[in-house]
Amino acid sequence: LCGDLHPTEEHRCTKCGEQGDHLRYACPYADCTMCVDAGIGGRSHSTAQHRCEICEVRGDHLSRNCPNSDMLCDVCGFKNHNTKDHECLKCNTKGGACFCP
């Protein structure tokens with residue numbers, strides 16, 4: 001499938017991550033149905049790869065419908081992102097690892 005990059009039996013689709021006999025452009029799991037149904041895209045990932053921005057669970061729900069939306073960022077206390085995605089407004093460091101005053 002990919003020329004001489006690897007044997008066909010080791011091929012993994014770059015869109016859905018499944019090992020098998022299809023390429024990204026012919027992926028049967030092509031679009032994230034949650035994102036497409038909500039009108040927010042979803043052409044770049046499959047439903048199984050969809051990740052909630054709040055709790056990071058894959059393939060289960062949209063961030064706006066997160067059942068774990070009571071999770072707070074440990075750095076600032078907001079609910080619209082998790083600690084890993086916190087971005088300092090002064091230095092733009094992610095994850096709460098900055099030491100800005």
Side-chain angles (χ1 to χ4, degrees):
L1 290 172
C2 294
D4 294 331
L5 293 175
H6 54 256
T8 299
E9 58 272 8
E10 294 177 14
H11 174 77
R12 190 169 295 276
C13 174
T14 58
K15 190 161 194 176
C16 71
E18 293 291 319
Q19 192 165 350
D21 59 356
H22 65 271
L23 296 171
R24 177 182 180 85
Y25 65 83
C27 181
Y29 312 105
D31 299 328
C32 175
T33 56
M34 289 186 286
C35 289
V36 171
D37 290 349
I40 54 174
R43 306 263 187 244
S44 63
H45 60 277
S46 67
T47 303
Q49 290 178 316
H50 177 89
R51 181 178 66 90
C52 173
E53 295 292 325
I54 296 171
C55 70
E56 299 186 352
V57 168
R58 290 194 179 269
D60 186 58
H61 57 271
L62 295 170
S63 298
R64 66 174 93 160
N65 301 328
C66 182
N68 303 307
S69 61
D70 58 342
M71 294 175 69
L72 300 175
C73 171
D74 293 335
V75 178
C76 67
F78 287 135
K79 293 182 178 183
N80 64 342
H81 61 272
N82 60 36
T83 304
K84 180 181 74 67
D85 292 329
H86 175 86
E87 185 172 343
C88 176
L89 296 176
K90 289 184 179 181
C91 69
N92 296 327
T93 300
K94 283 205 167 210
C98 73
F99 299 100
C100 290

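No side-chain heavy atom of Met34 sits less than 4.5 Å from a side-chain heavy atom of Ile40. Using a 4.5 Å cut-off on side-chain heavy atoms (C-beta onward), Thr33 and Val36 make no contact. You'll find the side chain of Arg51 stays beyond 4.5 Å of the side chain of Val57, heavy atoms only. The side-chain heavy atoms of Asp60 and Cys52, taken from C-beta on, include no pair separated by under 4.5 Å.
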How far apart are the C-alpha atoms of Cys35 and His50, what are their side-chain angles, what is the distance that settles it, and do they pass the side chain to side chain contact (heavy atoms under 4.5 Å, CB included) test? CA-CA 8 Å; Cys35 289; His50 177 89; 3.4 Å; yes
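Put simply, CD on Gln19 and CD on Glu10 are 7.5 Å apart, with the number rounded to the nearest 0.5 Å. From Asn68, atom CG reaches atom OG of Ser63 across 11.0 Å, with rounding to the nearest 0.5 Å. In this structure, Glu87 CD and Thr93 OG1 are separated by 8.5 Å, a value rounded to the nearest 0.5 Å.
A donor-acceptor pair is defined here as one N or O able to donate and one able to accept, closer than 3.5 Å; no such pair exists between the side chain of His86 and the backbone of Lys94.
Between Arg58 and Glu56, none of the side-chain N atoms (NZ, or NE/NH1/NH2) sits under 4.0 Å from a carboxylate O, so this pair counts as no salt bridge.
His61 is linked by a side chain to side chain donor-acceptor pair (under 3.5 Å) to nothing, counting only residues two or more places apart in sequence or in another chain. Remark: Asp74 engages Thr83 in a side chain to side chain donor-acceptor pair (under 3.5 Å) (not counting sequence neighbours).
Annotation: Leu5, atom CG; neighbour count of heavy atoms from other residues, nucleotides and ligands within 6.0 Å is above 12.
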